[in-house]
Amino acid sequence: EVQLQASGGGLVQAGGSLNLSCTTSGLSFGDYRIGWFRQAPGKERVGVACISSVDGSKWYGESVKGRFTISSDSAKSTANLQMKLLKPEDTATYYCQVPLSRRCGVATMMATSRHYDSWGQGTQVTVSS
């Protein structure tokens with residue numbers, strides 16, 4: 001059984017930084033892939049970033065390109081999302097999840113965001129203006 005736990009959220013001023021972590025268990029070392037998603041109140045869940053150890057692919061949503069960096073350490077079963085230059089519109093609950101495809105991309109992230117019933121508690125990120 002795959003388990004994921006997102007952590008590291010908090011309250012930060014606009015322009016600040018946060019580093020989110022996703023601790024995982026049950027994922028295969030050779031097939032380690034993680035996607036970060038976020039959901040703001042009243043809005044649908046959307047993909048933020050994705051990384052796959054299978055083909056080395058990475059993907060970022062347009063709104064976070066150049067500000068967020070995703071990384072993973074499959075040996076430690078963790079994935080991180082470094083967030084810089086945070087904006088109030090980044091405020092949301094952030095979740096990590098296993099992408100449906102081994103290759104990261106917008107289609108994979110969209111399908112993944114709609115696929116799972118269980119997303120865990122996520123971690124809250126609040127950016128004040």
Side-chain angles (χ1 to χ4, degrees):
E1 179 185 3
V2 175
Q3 294 185 332
L4 309 102
Q5 179 66 53
S7 63
L11 173 64
V12 64
Q13 288 187 332
S17 301
L18 280 174
N19 188 32
L20 305 185
S21 294
C22 179
T23 303
T24 70
S25 64
L27 287 175
S28 170
F29 179 83
D31 185 19
Y32 194 84
R33 58 193 194 273
I34 291 294
W36 282 97
F37 299 79
R38 67 186 183 188
Q39 186 169 23
K43 295 187 177 180
E44 66 177 7
R45 184 178 292 114
V46 297
V48 174
C50 177
I51 187 168
S52 173
S53 69
V54 179
D55 63 357
S57 60
K58 293 184 181 180
W59 174 90
Y60 295 94
E62 287 297 323
S63 63
V64 306
K65 280 183 179 178
R67 300 188 298 121
F68 290 12
T69 302
I70 191 170
S71 61
S72 69
D73 185 337
S74 54
K76 295 182 179 179
S77 298
T78 60
N80 294 311
L81 184 68
Q82 185 179 45
M83 307 187 295
K84 297 182 177 179
L85 300 175
L86 284 163
K87 304 175 181 179
E89 50 263 45
D90 294 318
T91 295
T93 301
Y94 284 70
Y95 304 87
C96 53
Q97 188 54 279
V98 180
L100 294 178
S101 171
R102 291 179 174 178
R103 180 163 182 82
C104 291
V106 61
T108 293
M109 296 299 278
M110 289 180 65
T112 303
S113 69
R114 298 165 183 168
H115 176 78
Y116 292 94
D117 293 327
S118 177
W119 284 80
Q121 293 184 336
T123 187
Q124 178 67 37
V125 172
T126 303
V127 184
S128 63
S129 58

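This is a predicted model, so every value here is computed, not measured.
A salt bridge (charged side-chain N to carboxylate O under 4.0 Å, His left out) check over residues 76-89, counting only residues at least two apart or in different chains, returns nothing.
Side chain of Thr108 to backbone of Arg103: a donor-acceptor contact under 3.5 angstrom is found. Within the 3.5 Å criterion, the main-chain N or O of Gly120 finds no donor-acceptor partner in the side chain of Gln5. At least one donor-acceptor pair closer than 3.5 Å links the side chain of Tyr116 to the backbone N or O of Val98. No side-chain donor-acceptor contact under 3.5 Å links Arg33 to the backbone of Ile51. In this structure, Ser21 contributes its side chain and Asn80 its backbone to no donor-acceptor pair below 3.5 Å. A donor-acceptor pair is defined here as one N or O able to donate and one able to accept, closer than 3.5 Å; no such pair exists between the side chain of Ser52 and the backbone of Cys104. Side chain of Tyr60 to backbone of Ile70: a donor-acceptor contact under 3.5 angstrom is found. Tyr32 contributes a side-chain N or O that, together with a main-chain N or O of Thr78, makes up a donor-acceptor pair within less than 3.5 Å.
Both Val106 and Leu100 belong to a common hydrophobic cluster when Ile, Leu, Val, Met, Phe, Trp and Tyr are linked at side-chain heavy-atom distances under 4.5 angstrom. Residues Val46 and Leu20 do not share a hydrophobic cluster, clusters being chains of Ile/Leu/Val/Met/Phe/Trp/Tyr side chains in contact below 4.5 Å. Under a hydrophobic-cluster definition in which Ile, Leu, Val, Met, Phe, Trp and Tyr are linked whenever side-chain heavy atoms come within less than 4.5 Å, directly or via other members, Met110 and Trp59 are assigned to the same cluster.
Residues Thr93 and Gln124 bring a donor and an acceptor atom of their side chains to less than 3.5 Å of each other.
Taking every heavy atom of both residues into account, Met109 and Ala49 meet most closely at CE-O, 3.3 Å. Nearest heavy atoms, Asp90 versus Arg67: OD2-NH1, 2.7 Å. Between Ser129 and Ala14, the shortest heavy-atom distance links the atoms CA-CB, 4.4 Å. In terms of heavy-atom proximity, Ser57 sits nearest to Asp55 at OG-OD1, 2.7 Å.
To the nearest 0.5 angstrom, Lys58 atom NZ is 11.0 Å from Cys50 atom SG. Expressed to the nearest 0.5 Å, how far OG of Ser71 lies from CG of Leu81 amounts to 8.5 Å.
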For Ile34 and Thr24, run side chain to side chain contact (heavy atoms under 4.5 Å, CB included): C-alpha distance rounded to whole Å, both residues' side-chain angles, the deciding distance at 0.1 Å, then the answer.
CA-CA 9 Å; Ile34 291 294; Thr24 70; 3.8 Å; yes
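Under the 4.5 Å side-chain criterion, counting only non-hydrogen atoms from C-beta, Thr23 is not in contact with Leu4. Between Leu86 and Leu18 the shortest side-chain heavy-atom distance falls below 4.5 Å. A heavy-atom distance below 4.5 Å is found between the side chains of Gln97 and Thr112. Side-chain contact between Val125 and Met83: present, with at least one pair of heavy atoms (C-beta onward) separated by less than 4.5 Å.
With sequence neighbours excluded, the residues forming a ring pair (Phe, Tyr, Trp, His ring centres under 6.0 Å) with Phe37 are Trp119, listed by chain and number.
The pair Asp31-Arg102 counts as a salt bridge, with a side-chain nitrogen and a carboxylate oxygen less than 4.0 angstrom apart.
Relative to the ring axis of Tyr95, Arg38 does not place its NZ or CZ within 45° and under 6.0 Å from the centre.
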